[in-house]
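By convention in this document, chain letters (A, B, ...) are assigned in the order of the sequence lines, proteins followed by strands, and residues within each chain are numbered from 1. Computed from a predicted model, the values in this text were never measured in an experiment.
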Amino acid sequence: MAEKIEFCILDTDYLLETERQALIRIWGRTREGKTVLALDRRFLPFFYILPKPGLDKGELEDMEKRLKDLNIEGKRPLKVEMLDKKIYGKSARVFRVTLENPTDVPKFRDLVKNWKETEEEYEYSISFYRRYMINKGLIPMAWVSVEGREVKTDLQADVCLEIDSIKPIKEEKYPNFRVMAFDLEAVHEDGEERIIMLSMKDNRGFSRVLTYRGRKGRGIKLVKDEKGLLEEFLKAVRERDPDILATYNGDRYDFPRLDERAEKHKVTLTLGRDKKHVVFRRRGRISSAQMNGRVHVDLYDFIENILSDTLSSEILTLDSVSREILGKGKKDMDMKDIEKSWKGNIKHLAEHCMQDSELTLGLSKRLLPQIFELCRVSGQKLFDTARMSYSQLVEWLLIREAFKTDEIIPNMPRFDEIRKRRLSKSYVGGYVYPPEQGIHDKIALFDFASLYPSITITHNVSPETLDCQCCSSKPIGAKVSEKEDILSARKNRVPGEPHYFCLRHKGFIPGILERLVEFRSEIREKLKQTSPKSPRYKDLYNRQYALKILANASYGYYGYPGSRWYSKICAQSITAWGRFYIQKVIAFAKNRKYRVIYGDTDSLFLKVRNEKDARKFLRDVKAKLPKTMHLAFKGLYKSGIFVPTKAGTAAKKRYALIDSEENITIRGFEKVRRDWSDIAKKTQEEVLLHILRDKSPEKALNRVRSTIKRIEKGRVDFDDLVIYTQLTKPLEEYEQIGPHVAAARKARTKGIPVKEGSVIAYIITKGTGSISERAVPLELAKNYDPEYYIHNQVIPAALRVLAGLGYTEDDILKKRPQASLDKFIQKGLKHRLKSGITKLSRKEKN
DNA sequence: GGCCCACGGGG
DNA sequence: GGGTACGTGGGCC
């Protein structure tokens, strides 16, 4: 029976059932809530070959014949065609070799890559499901109309179709995807990490905790043992049948644990919509847990890669991220608490476990719509998009655009090319106007909105428009100097660089960015006419956010060593223009007798009389800027301090600001990691608390001082001094003997077993020699070195926070008076911190 | 100063 | 059958 069905694409994959054609599968959901599986067996893989330039007609014909005659164990190319394509905008004739099975592609490519007629091969490494989506114009998380014949399936789908035809359709809305979050708890017992509890919660009212100790209670289901827990989990997922399984750090923690324990108990981890075990896909240094027909979204991956830039949170724990995004966090339990509860208060542990699933589900409600929009812009499926870095998102956007315009997709750089790019001389970045140290009042902040994308568009910065032939006779604006009018930068000469960009033909990347930016401003217009409470507002907001992310990442993509469209000169030119514009604005301000307090890359702080004054300045300077460059007035701050970092080095942004609503912004933080001692971590935490909650930097300083005294008097418990560091390779293989390696060696000679993967607990003890020489395993430590803990642990940790407020090591050690800073801090922080809207950020723009 | 090495999230 | 990949800071050499 011929059927027609419309659905939203959730996932795509392919199966290699035979040596012959592969099977493409598309999973989705209809408006009516049916799950769909659509199958396509008719799509064929291919790749391109660019012949050496200068081959004559006869030689090309010979090459075509040789390609047609290729033979691997009886397998032949199904088709060899000559096509007109473009490579970096220039037309090029290429051969397209069509094959039967995706695994044939690399095999046939290997055969031809060393031919003397072969200049280069292209598009041989686009995975098959991506190839299909690109060529059919299908967009994940967008809609398709499929005509086909319904077939039987033993997979978990309401409808299964063999595709006769498939085409994209326009529809903005999403179907009601089913989302389930889960979280597990584990303890170490007898050298194993056992799963003791698992919680689940979905967006349709289901929640459950599984465990095998204590009493069954509301929402708690008791199972026999760990194996029973795993089986019950699989059953629940199958019954609730979510489209999306959401975790927080599931790729690195929950799934590897499930996998280990399932193997131990001989349970097959069937969490997808087929009968297959979860697979782990390598992605660089980590693996991702994937199943078929159901999408595992690890929110931590997305937050770490993308969202962390817009978060003010210093660390990315579930607690801190939830606090910021959802306005509610959780009571954290450490490993000892969990073990204690497991032996006693199971109910308490169950609440804690469920809380994690709740927060994860809460986050997914907010973040999945953003990720969906990124899927639509990048054209990549949910599983992939949720794990992509900025560069990868940009890359896939470009790849999909390239296909539309008959551009051949440039190859990924090979390993030695990447290394070469990494080692190549770094170029000059953003301009920093050194901050005027001290306290200032009435400071206006201005910044360029999307500076680098604007430059890319305004100046047509693209690899194929660089130093073009057509404009070579007369590059314009050849002498761009300080004295010239600001508008001369609109010409195509890169300021201070011996390059120019084409004025006649729009570049590939500027063209894409221009459409992105136009599309975004259309959406922002619509946003203005939409009630902020309506669901449509959120959709539009997420859409413009996705576009902004992609546009802003484009500059980084030019300079990213793994980039297919790498161009150091483009990246360099963009920062050159960036410096040019911000310097022009600064020069203009100085000319008008404004005091410039600080400037960095795309922003500057000016001392102004009042808001009106600031707005007037903006108006005047904007008249001097190209219309495509958008300088904006971001706000007037009552006061602020700016802390210059060491001259010469790349200046770090370190400042604290207070606006009229008494919100404080502090920038320039870094975080303390786990290979620090507890005493350092605790001190830092308390310093933060004293400043933010008690509004008292003085208390914070005193807190550090008393800790130092305790250390000096030898009153600190070893537990607070231990540093934990993992051995990531066998002890013998270390070239450099760091403290943990030295401590591990000492442990071994005393008969304490250590091996690759062991976490070494050590203390830095008194004596002479390097830190490593004085690093002793916790079990063997007899004393500790106060100097090390004061100067290498506590003070640096405290200064991460305090330096942002202008304090130095000398202040902690009472070596200098601090009148002026204290005045600011008393005045500034004291009551203004009340508002609680406090930003602590290590983030630096761009 | 350059290079090696570990961390992050989770429990 | 093409993920090969990060970015930053401490301490050794």
Sugar-phosphate, base or nothing in reach of Asp104(A), heavy atoms under 4.0 Å: nothing

Spacing between Ile399(A) atom CD1 and dG2(C) atom P, to the nearest angstrom: 13 Å

Side chain of Gln736(A) (C-beta onward), nearest among dG11(C), dG11(B), dG10(C): dG11(C)

Sugar-phosphate only, base, or nothing, as touched by Arg285(A) at under 4.0 Å among non-hydrogen atoms: base

Salt-bridge present (Glu100(A), Arg20(A); N to O < 4.0 Å): yes

Sugar-phosphate, base or nothing in reach of Leu16(A), heavy atoms under 4.0 Å: sugar-phosphate

Pairwise P distance, dG9(C) and dG9(B) [rounded to whole Å]: 15 Å

Ser288(A) and Arg387(A): side chain donor to acceptor below 3.5 Å: yes

Candidate nucleotides dG1(C), dA6(B), dG10(B), ranked by approach to the side chain of Asn249(A) - the nearest: dG10(B)

Phosphate-side-chain proximity, Tyr566(A) and dA5(C), N/O vs OP1/OP2 below 4.0 Å: no

Phe233(A): partners by ring-ring contact (aromatic ring centres under 6.0 Å, His included), with sequence neighbours left out: Phe182(A)

Canonical and wobble pairing (Watson-Crick, G-U, under 3.5 Å) of DNA chain C, dot-bracket with |: .....||||||||

Side-chain donor/acceptor contact of Arg109(A) with base of dG2(C) under 3.5 Å: yes

Selection from dA6(B), dA5(C), dG1(C) that lies nearest to any side-chain heavy atom of Ser389(A): dA5(C)

Gap between atoms CG and P, on Leu359(A) and dG10(B) respectively (whole Å): 11 Å

Nearest-neighbour nucleotide for the Tyr560(A) side chain, dA5(C), dG11(B), dG11(C) considered: dA5(C)

Atom-pair distance (CG on Leu727(A); P on dA6(B)), nearest Å: 7 Å

Short side-chain N/O contact from Arg283(A) to OP1 or OP2 of dT4(C), under 4.0 Å: no

Modelled atom types, side-chain donor and acceptor of Gln380(A) and Thr385(A), under 3.5 Å: no

Between Gln726(A) and His740(A), a side-chain donor and acceptor under 3.5 Å: no

Sugar-phosphate only, base, or nothing, as touched by Leu318(A) at under 4.0 Å among non-hydrogen atoms: sugar-phosphate

Spacing between Ile737(A) atom CD1 and dC3(B) atom C1', to the nearest angstrom: 14 Å

Gap between atoms CG and P, on Asp309(A) and dT8(C) respectively (whole Å): 11 Å

Side chain of Lys729(A) - closest among dG11(B), dC5(B), dC12(C): dC5(B)

Given dC7(B), dG9(B), dG11(B), the nucleotide with the shortest approach to the side chain of Thr317(A): dG9(B)

Integer-rounded Å distance: dG11(B) P and Phe255(A) CZ: 14 Å

Sub-4.5 Å side-chain heavy-atom contact between Asp183(A) and Thr360(A): no

Donor/acceptor link under 3.5 angstrom from Glu339(A) side chain onto base of dG11(B): no

Sugar-phosphate, base or nothing in reach of Asp356(A), heavy atoms under 4.0 Å: sugar-phosphate

Set of ring-ring contact (aromatic ring centres under 6.0 Å, His included) partners for Trp396(A), sequence neighbours left out: none

Any donor-acceptor N or O pair under 3.5 Å, side chains Asp356(A), Tyr248(A): no

Nearest listed nucleotide, side chain of Pro106(A), among dG11(C), dG11(B), dG2(C): dG2(C)

Proximal nucleotide (of dA6(B), dG2(C), dG3(C)) relative to the Tyr14(A) side chain: dG2(C)

Distance test, side-chain N/O of Asn792(A) to OP1/OP2 of dG11(C), below 4.0 Å: yes

Distance test, side-chain N/O of Thr725(A) to OP1/OP2 of dA6(B), below 4.0 Å: no

Candidate nucleotides dG1(C), dG11(B), dG2(C), ranked by approach to the side chain of Glu193(A) - the nearest: dG11(B)

Touch class at under 4.0 angstrom, heavy-atom based, for Tyr788(A) against every strand present: sugar-phosphate

Rounded distance (Å) that lies between atom C1' of dT8(C) and atom CG of Leu316(A): 14 Å

Arg130(A) side chain, from C-beta outward: closest of dC12(C), dG11(B), dG3(C): dG3(C)

Contact under 4.0 Å: Gln392(A) side-chain N or O vs dG3(C) OP1/OP2: no

Any donor-acceptor N or O pair under 3.5 Å, side chains Glu226(A), Tyr212(A): no

Short side-chain N/O contact to dA6(B) OP1/OP2 from Tyr734(A), under 4.0 Å: yes

side-chain contact (heavy atoms from CB on, under 4.5 Å) assessment of Ile549(A) paired with Tyr390(A): CA-CA 8 Å; Ile549(A) 282 179; Tyr390(A) 282 100; 3.4 Å; yes

Glu395(A) CD to dG3(C) C1', straight-line distance once rounded to whole Å: 10 Å

Phosphate OP1/OP2 of dA6(B): any His740(A) side-chain N/O under 4.0 Å: yes

